[in-house]
A.B. asks: 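Please read through the structure below; I'll follow up with questions.
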Amino acid sequence: MRFTKLSDKTLLNSFQEASELHLSPDFIKLLEKEITERGLNKPNILKKQLKKIN
């Protein structure tokens, strides 16, 4: 599954929501992989990254 049509902000928000809702670990790993491939920061710096995108 690819998330190429999602904006960076949407991708990061989706990861945050999926983590908070404890969705399938496989789904979360897919989101994490896409985040890494785009060169975005990991969720521990999520808020700073979202500010950069805005």
Side-chain angles (χ1 to χ4, degrees):
M1 176 182 275
R2 296 290 302 184
F3 300 98
T4 54
K5 293 186 179 187
L6 295 178
S7 70
D8 290 348
K9 182 177 179 178
T10 302
L11 180 64
L12 291 169
N13 283 334
S14 297
F15 179 85
Q16 182 181 17
E17 290 293 321
S19 296
E20 289 175 6
L21 295 173
H22 304 289
L23 295 181
S24 166
D26 291 334
F27 180 71
I28 292 173
K29 286 179 185 177
L30 288 172
L31 288 170
E32 247 181 349
K33 182 179 177 186
E34 184 70 27
I35 289 169
T36 301
E37 287 177 4
R38 292 187 189 191
L40 301 173
N41 290 326
K42 293 291 183 182
N44 57 346
I45 309 174
L46 179 64
K47 290 183 182 179
K48 288 182 185 177
Q49 188 69 33
L50 287 175
K51 286 180 184 178
K52 286 182 184 178
I53 294 171
N54 289 332

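We use all heavy atoms of the structure for the numbers below, so side chains are in, but hydrogens, waters and symmetry mates are not.
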A.B. asks: Who pairs with E37 by side-chain hydrogen bond (donor to acceptor under 3.5 Å, both in side chains), at least two apart in sequence or on another chain?
C.D. replies: R2
A.B. asks: Would you please name every residue forming a side chain to side chain contact (heavy atoms under 4.5 Å, CB included) with I28, sequence neighbours left out?
C.D. replies: F15, A18, S19
A.B. asks: Please round to the nearest 0.5 Å and tell me the distance separating atom CG of D26 and atom CG of L31.
C.D. replies: 11.5 Å
A.B. asks: Write down the atom of L11, the atom of E34, and the distance for their closest heavy-atom approach.
C.D. replies: CD2-CG, 3.5 Å
A.B. asks: How long is the gap from CD1 on I35 to CG on L30, to the nearest 0.5 Å?
C.D. replies: 11.0 Å
A.B. asks: Apply side-chain hydrogen bond (donor to acceptor under 3.5 Å, both in side chains) to S7 and list each qualifying residue two or more places apart in sequence or on a separate chain.
C.D. replies: T10
